[in-house]
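In what follows, a single structure is set out as structure tokens and then discussed.
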Amino acid sequence: QVQLVESGGGLVQAGGSLRLSCAASGRSFSNYAMGWFRQAPGKERAFVGAMNWSGSTTYYTDSVKGRFTISRDNAKNTVYLQMNSLNPEDTAVYYCAARQSRASPYRGVNYDYWGQGTQVTVSS
């Protein structure tokens, strides 16, 4: 079992920045690839980005490339999502997820554990 707890969400003006954290507890964090997803009101959950076990490979959806950065600190069992140049379209609940398999990082069904989510609201 892996427990994930997100933090760092909040209200920010357009153009601002936030850093989300996802703290993991339980089984060895370094064995898991990590992903970030988001769900906007009235929309389905969508892939934001992911990072492999070692942190050597990252994946991003096109709309956040160049603005969002994923990092992880295996010593702290934590993964981060640095979000810059935020715009109102980034408003959503953000979830981190852990994946042990080598399946596609883009699909939520491939992840084994999920956090409870943290709200990010970007005002115009």
Side-chain angles (χ1 to χ4, degrees):
Q1 283 282 349
V2 173
Q3 293 79 42
L4 303 173
V5 179
E6 301 97 335
S7 61
L11 174 64
V12 64
Q13 289 189 332
S17 299
L18 283 174
R19 188 177 80 157
L20 306 184
S21 300
C22 174
S25 60
R27 298 176 65 180
S28 180
F29 175 71
S30 61
N31 290 339
Y32 290 84
M34 301 299 295
W36 285 95
F37 290 77
R38 64 187 180 185
Q39 188 166 20
K43 296 187 177 181
E44 294 186 352
R45 184 179 62 195
F47 173 79
V48 175
M51 173 172 276
N52 70 344
W53 297 263
S54 66
S56 62
T57 304
T58 53
Y59 312 84
Y60 297 98
T61 191
D62 285 346
S63 63
V64 308
K65 285 179 181 177
R67 300 189 299 123
F68 290 12
T69 303
I70 294 174
S71 61
R72 67 188 294 165
D73 186 337
N74 287 343
K76 295 183 177 180
N77 286 1
T78 302
V79 64
Y80 304 96
L81 181 66
Q82 178 66 44
M83 304 185 296
N84 299 327
S85 301
L86 285 161
N87 58 63
E89 290 69 38
D90 296 315
T91 295
V93 177
Y94 283 71
Y95 299 90
C96 70
R99 173 174 55 85
Q100 195 167 26
S101 77
R102 295 184 182 271
S104 169
Y106 299 100
R107 301 184 65 208
V109 295
N110 292 334
Y111 288 78
D112 305 294
Y113 302 100
W114 292 82
Q116 83 289 348
T118 186
Q119 177 70 48
V120 172
T121 303
V122 184
S123 63
S124 57

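Here the closest heavy-atom approach between residue Val2 and residue Ala24 is recorded as CG1-CB, 4.3 Å. Between Tyr111 and Gly35, the shortest heavy-atom contact is CE2-N, 3.6 Å. Of all the heavy atoms in Ser30 and Asn74, the pair that sits closest is CB-ND2, 3.7 Å. Here the closest heavy-atom approach between residue Ala40 and residue Thr91 is recorded as CB-O, 3.6 Å. Residues Ala14 and Ser124 share a closest heavy-atom pair of CB-CA, 4.3 Å.
With Glu6 contributing its side chain and Gln116 its backbone, the two residues share a donor-acceptor pair below 3.5 Å. Within the 3.5 Å criterion, the main-chain N or O of Gly55 finds a donor-acceptor partner in the side chain of Asn52. Between the side chain of Asn110 and the backbone N or O of Ala103, no donor-acceptor pair lies under 3.5 Å.
Interatomic distance, Gln119 CD to Leu11 CG, rounded to the nearest 0.5 Å: 9.5 Å. Taking OG of Ser85 as the start and CZ of Arg67 as the end, the distance is 7.0 Å to the nearest 0.5 Å. How far CZ of Arg99 is from CE of Met51: 12.0 Å, rounded to the nearest 0.5 Å. Separation of atoms OG1 (Thr78) and CE (Met34) is listed at 9.0 Å; rounding is to 0.5 Å. The distance from atom CD1 of Ile70 to atom OG1 of Thr57, rounded to the nearest 0.5 Å, is 11.5 Å. Considering OG of Ser63 and CD of Glu89, their distance stands at 9.5 Å, rounded to 0.5 Å.
Among Tyr95, Tyr106, Trp114, the one residue that satisfies the ring pair (Phe, Tyr, Trp, His ring centres under 6.0 Å) test with Phe37 is Trp114. When each of Asp90, Leu18, Val12, Thr69 is checked for a side chain to side chain contact (heavy atoms under 4.5 Å, CB included) with Met83, only Leu18 meets the rule.
Figure legend: Arg38 and Tyr94 shown without cation-pi pairing, the cationic atom not lying both under 6.0 angstrom from the six-membered ring centre and within 45 degrees of its axis. Geometric assessment of Arg102 against the ring of Trp53 yields a positive cation-pi assignment under the 6.0 Å and 45° thresholds.
Residues Leu86 and Phe47 fall into different hydrophobic clusters, defined by Ile, Leu, Val, Met, Phe, Trp and Tyr side chains chained together at heavy-atom separations under 4.5 Å. The cluster map of Ile, Leu, Val, Met, Phe, Trp and Tyr, joined by side-chain heavy atoms under 4.5 Å apart, puts Val120 and Leu4 in the same cluster. Tyr80 and Val48 fall into different hydrophobic clusters, where Ile, Leu, Val, Met, Phe, Trp and Tyr residues are linked whenever their side-chain heavy atoms come under 4.5 Å apart, directly or through other members.
Taking the six-membered ring for Trp and the full ring otherwise, Tyr60 and Phe68 have centroids separated by 6.0 Å or more.
Using a 30° and 60° split on the angle between ring planes, Tyr113 and Tyr32 fall in the perpendicular class, above 60°.
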